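Scroll down for the structure; my scribbles are underneath it.
Just so we're on the same page: letters track the sequence lines, and every chain starts at 1. The basis for the numbers below is simple: all heavy atoms, side chains too, and nothing from hydrogens, waters or symmetry mates. For clarity, every value in this text was computed on a predicted model and none was experimentally measured.
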Amino acid sequence: MTMTPLIETRNLTVRVPARPLLPFLAKDPAPEILCDVSLAITPGEILCMVGESGSGKTTFGRTLLGLMQPASGEILFEGKPVDGPSPRHFRDIRRHAALLFQDPVSSFDPRQRIGSIIAEPRRILGRGGTDLSAIAALAEAAGLPRQLLNRFPHALSGGQARRAAVARALSGMPRLIVADEPTAGLDVSVQGGVLNLFRRIRDEHWTAFLIITHNLSVARHVGDRIVILYLGRVVEAGPPAEIFSNPRHPYTEALIRSEPIPDPRQRRSEPPVMGEVPSIAHRPAGCEFHTRCRHVRARCRTEAPAMQHFSDRHQAACHFPLAVAAEQQEPIPLPMTS
Amino acid sequence: MMRPAHAALAADPVLDLKDVSIRYGGLVLAVEGVDLDIRPGEVLGVIGESGSGKSTLAHAVLGLLPKGTAVGGRRFRLQETDMLSADEAELAALRGPAAAMIFQNPMTAFSPIHTLGQQLTQLLWRDRNASRTEKRQRIIAMLERVGIPDPTAKLALYPFQFSGGMLQRVAIAAALLMRPALLIADEPTTALDVTMEAQILHLMREMNREFGVSILMISHHLGVIAEICDRVAVMYAGRIVEQGPVGAIFADPRHPYTRALMACEPALIKPDGGPLPVIAGEVARPGTPGCGFASRCPHVMDACRSNVPAWAFGSDPVHGARCIRSAP
């Protein structure tokens, strides 16, 4: 079944913004933060974008909403290309999209009450900003106790602030929510609640999500599809079950195996990947992961790999993709009483 | 099995706490009735969520709490020093040789306006007999050991010229240069990417084996605790609610909070599309009468709300929990 994607990028490339002063001194061309990213998000899909810091995942989310300008490539909203870089051209997208910032408290006006903060997008979009019962319903949907609507942002706990941010994002009735590290800094006992909330919103309103995270296990539980970025390039994409049971790119495998396992019987004897992400100013030749790859061969050092399709939803860019695992690994058996 | 060979159980503990309580400003209770000890060469993990008091406890060991904080209890000893009666000069003498700390954010742990060489040399001020060249050689050797490439050239650089992961390696080197008996690590990998986290944890374990340094590991991450610790203390609302060898804690968690925490850990949940578990309600303030977890506990009884549960040990005398239900 093919559905028109809600939002799509074609060969999107974003460069480090040129310095406004003395542009003639700027290095030409400026380093690329995102390279040739082609992705589509369909209505009601939860797409999780995973990568280390500096992989360009936040830049992707910001570029989708017109907060950063692409150097080349296209952004399409409901099949229609955005035909200019100014906020005017992004008006359509922005009327239907909401951004959840990494640190919710700093994204709130400290002198506005939570209720008014939640109502603001409706007010601006003319979608019933003064409808108090609707605002209370939004807070309720986000799991925020009604009595908190009269408080100021500083009086909320981390989990409550996150819920208030979700309520505000929902208030404009968006069709796309871009969530940048929505669980960073939350305790595990609270994190599940926020992720459950995302799934419920999707099920009820068919809202699409782009969740940007460095936490693979979060992506595994909430995502319909996972996209792995390395140095601004998509190296692998696919459904979580396939990515986890059968990663094809060595980088994906390294990320999965780097996550510490909460079982002292499964300690690792050595780190799965050494070294650090190279600088985007000095991209390695060939496959950009070859400097850290365990399976590197001569061809990887000179020739950039093309994207290979393993199934209609699973693809990876590697010359020597990892073999299909003989049997699926169980995700850590742990005896749990009660 | 989990314990390194040199951790002789009979040896005097590096750190020994009995019934320690900490009040900010002398009033606000943050840590209550904590019993804890760390043997030479042992890695002890303290796990807890935000507000559980785990960082307060770590800072107390180095005497880093703000002025006016009341630290009291029956016993609080770091090596041979009684921390309850130590004055500022004694505390200063302990920082370095007895215990050193690495912090969550290595970027703010160093001075931004001095080179690494200057900062690391200053740490060695106690060695009055060593010449500059000797100190420099020790620093270079240690940086090399923690995996800094080309350490000699790095001495002339400033902290901002390093990545977070590299700077955390330097922080570990800096701590170990002072040859401490105890290394306190407060969420040392929280600000790092998973690939770097794995490398830093691996380095810490190597340092533990090589130098025999004891480690007090503070973390909210079950995976980190399982990866590196010999023994674990679970903190909730200012109290330790469960304590025991890492294998026993993970295989047979006894306190309902420990169980709830493990039930919420995404890495332990099989993805089946169902809702993720949460612990409903808010964390109680330290000092709440009765068991701190009573307000969120699925097995709560009336007695839980009035009395602080005593330690209960099962067949295994080193694995205990403070829960009425696990009392024999």
Checking heavy atoms, do the side chain of B/Ile228, its backbone, both or neither come under 4.5 Å from chain A?
backbone
Under a 4.5 Å heavy-atom cutoff, which of B/Met166, B/Glu206, B/His220 has the most pairs with chain A?
B/Met166
So which part of B/Pro275 gets closer than 4.5 Å to some heavy atom of chain A, the side chain, the backbone, both or neither?
both
For each of B/Leu222, B/Ile249, B/Thr195, B/Val224, tally heavy-atom pairs with chain A at distances under 4.5 Å, and name the one with the top tally.
B/Thr195
Assert top hit (heavy-atom pairs under 4.5 Å, partner chain B, pool A/Val273, A/Leu255, A/Val188, A/Asn196) equals A/Asn196
Are the side chain of A/Asp263 and the backbone of B/Phe250 linked by a donor-acceptor contact shorter than 3.5 Å?
no
Donor-acceptor pair, distance only, cut-off 3.5 Å: does the side chain of A/Arg220 make one with the backbone of B/Ala267?
no
Closest-packed option against chain A by number of heavy-atom pairs under 4.5 Å, given B/Cys264, B/Pro277, B/Ala260, B/Ala280
B/Cys264
When the 4.5 angstrom heavy-atom criterion is applied to B/Gln199 and chain A, the contacting part is both
Nearest heavy-atom neighbours spanning A/Ser258 and B/Ala198
O-CB, 4.0 Å
Which atom names give the shortest non-hydrogen contact between A/Arg267 and B/Val246, and what distance separates them?
NH2-CG1, 3.7 Å
Are the side chains of B/Glu197 and A/Pro260 in contact, using a 4.5 Å heavy-atom criterion?
yes
With a 4.5 angstrom heavy-atom cut-off, which part of A/Gln191 approaches chain B: side chain, backbone, both or neither?
side chain
Just by modelled atom types, is the B/Leu276 backbone N or O under 3.5 Å from a matching donor or acceptor in the A/His221 side chain?
no
Quick one: which of B/Pro149, B/Gly165, B/Gly51, B/Ser163 has the most heavy-atom pairs under 4.5 Å with chain A, could you say?
B/Ser163
For the candidates B/Gly164, B/Gly274, B/Pro256, B/Gly147, which exhibits the highest count of non-hydrogen atom pairs separated by less than 4.5 Å from chain A?
B/Gly274
For B/Val278 and A/Val190: C-alpha separation, side-chain torsions, deciding distance, then whether side-chain contact (heavy atoms from CB on, under 4.5 Å) applies.
CA-CA 6 Å; B/Val278 293; A/Val190 182; over 6 Å; no
More than 12 foreign heavy atoms under 6.0 Å from CZ of B/Arg285: is that the case here?
no
Checking heavy atoms, do the side chain of A/Ser157, its backbone, both or neither come under 4.5 Å from chain B?
side chain
Look at A/Asn215, A/Asp187, A/Leu186 and state which one has the largest set of heavy-atom pairs under 4.5 Å with chain B.
A/Asp187
Gap between atom CG of B/Leu201 and atom CZ of A/Arg268 - 0.5 Å precision
7.0 Å
Measuring heavy-atom distances to chain B, does A/Arg200 have an atom under 4.5 Å in its side chain, in its backbone, in both, or in neither?
neither
Max heavy-atom pairs within cutoff under 4.5 Å with chain B, candidates A/His214, A/Gln160, A/Glu52, A/Arg292, goes to A/Glu52
In Å and rounded to the nearest 0.5 Å, what is the NE2 to CD distance from B/His221 to A/Glu259?
5.5 Å
